[in-house]
Amino acid sequence: MLDFLSRRNNLYAIILAVVILVVSVAAKYVNVLYSTPSRVQSELNEIYEEVENIHPVSLRKAEFLIKWGEYRNSDECSDAVYRSLFYSGSGFDGNVYVVSYPDSIEFPGLPTFRRQFRIEKPMG
């Protein structure tokens with residue numbers, strides 16, 4: 001009887017471990033695909049709100065770059081914004097500011113999920 005109970009406990013432990021792994025992967029997936037990009041977008045919006053009333057657009061873009069540079073070098077910015085410093089593709093594309101950064105989900109025993117994100121903020 002005791003042997004039967006110990007096998008059942010092992011099965012419950014394995015099921016619990018699998019459930020914890022699935023929940024962890026799902027939480028990281030939601031964070032990478034939804035939470036982080038929305039946070040970067042809100043950071044862009046905050047800086048843009050400081051310069052949105054500056055005219056002409058060329059002066060607005062210059063002031064935005066100054067404020068965005070100060071923000072990226074501060075301790076307040078998110079990890080994704082900081083990583084965008086070291087990743088090509090960030091900058092102005094016409095009158096649209098683009099933040100590009102890579103992100104990934106890595107768990108032992110599972111294939112690594114990698115994706116490049118591109119967040120845009122029009123200056124007009």
Please determine, by modelled atom types, if Tyr87 and Gln116 share a side-chain donor-acceptor pair under 3.5 angstrom. yes
Would you say the side-chain atoms of Asn31 pair up with the backbone N or O of Ala27, donor to acceptor, closer than 3.5 Å?
no
Between the OG atom in Ser58 and the CD atom in Glu63, the distance rounded to the nearest 0.5 Å is 12.0 Å
* Evaluate side-chain contact (heavy atoms from CB on, under 4.5 Å) for Val98 paired with Ile119, printing each intermediate quantity in order. => CA-CA 6 Å; Val98 177; Ile119 312 296; over 6 Å; no
- Determine whether Tyr29 and Phe117 fall in the same hydrophobic cluster, where Ile, Leu, Val, Met, Phe, Trp and Tyr are linked whenever their side-chain heavy atoms lie under 4.5 Å apart. yes
| query | Under 4.5 Å between side-chain heavy atoms, hopping through other hydrophobics if needed: is there a path connecting Leu59 to Tyr97? | reply | yes
On a heavy-atom basis, the closest approach of Ser74 and Cys77 is O-SG, 3.7 Å
query = Does any N or O in the side chain of Glu106 come within less than 3.5 Å of the main-chain N or O of Phe113, such that one atom is a donor and the other an acceptor?
reply = no
**Message:** I'd like to know if Asp103 pairs up with Arg114 as an ion pair, taking the criterion as any Lys NZ or Arg NE/NH1/NH2 lying under 4.0 Å from an Asp or Glu carboxylate oxygen.
**Reply:** no
Are Tyr101 and Pro37 packed together at the side-chain level, in the sense that at least one heavy-atom pair is separated by less than 4.5 angstrom?
yes
In terms of heavy-atom contacts, Ser88 and Ser100 come closest through O-CB, 4.0 Å
Report task. Output, in order, the C-alpha distance, side-chain angles, deciding distance and verdict of side-chain contact (heavy atoms from CB on, under 4.5 Å) for Val96 and Lys121. Result -> CA-CA 5 Å; Val96 176; Lys121 180 63 182 169; 5.9 Å; no
>> Closer than 3.5 angstrom, by distance alone: can the side chain of Arg60 be matched with the main-chain N or O of Met123 as a donor-acceptor pair?
In response: yes
Determine, step by step, whether Arg115 and Leu33 satisfy the side-chain contact (heavy atoms from CB on, under 4.5 Å) criterion, reporting the C-alpha distance in whole Å, the side-chain angles of both residues, the deciding distance to 0.1 Å, and the verdict. CA-CA 9 Å; Arg115 186 167 176 197; Leu33 290 182; 3.0 Å; yes
Output for pair (Ile105 CD1, Leu110 CG), nearest 0.5 Å, gives 10.0 Å
CD (Gln41) and OH (Tyr48) are apart, to the nearest 0.5 Å, by 12.0 Å
- Task: Decide yes or no for Arg72 and Tyr82: does some side-chain heavy atom of the first lie under 4.5 Å from some side-chain heavy atom of the second?
- Result: no
**Message:** Between Lys67 and Ala62 (side chain of the first, backbone of the second, donor and acceptor by atom type, cut-off under 3.5 Å), is there such a pair?
**Reply:** no
Side chain to side chain donor-acceptor pair (under 3.5 Å) for Glu43 and Tyr71? Distances and angles first, verdict last.
CA-CA 9 Å; Glu43 289 171 304; Tyr71 179 74; 2.6 Å; yes
* Asked: Does some side-chain heavy atom of Leu16 sit less than 4.5 Å from a side-chain heavy atom of Ile20?
  -> yes
### Message
Using 30° and 60° as the class boundaries, would you call the ring planes of Phe64 and Trp68 parallel, tilted or perpendicular?
### Response
parallel
- State yes or no: do Leu85 and Phe92 share one hydrophobic cluster built from I, L, V, M, F, W and Y residues joined by side-chain heavy-atom distances below 4.5 Å, directly or via other members? no
inquiry  = Strictly below 4.0 Å, N to O, side chains only: are Arg118 and Glu120 in salt-bridge contact?
reply    = yes
Going hydrophobic residue to hydrophobic residue with side-chain gaps under 4.5 angstrom, can you get from Val81 over to Ile66? no
**Asked** Is Ile15 reachable from Val23 through a run of I, L, V, M, F, W or Y residues, each pair having side-chain heavy atoms under 4.5 Å apart?
**Response** yes
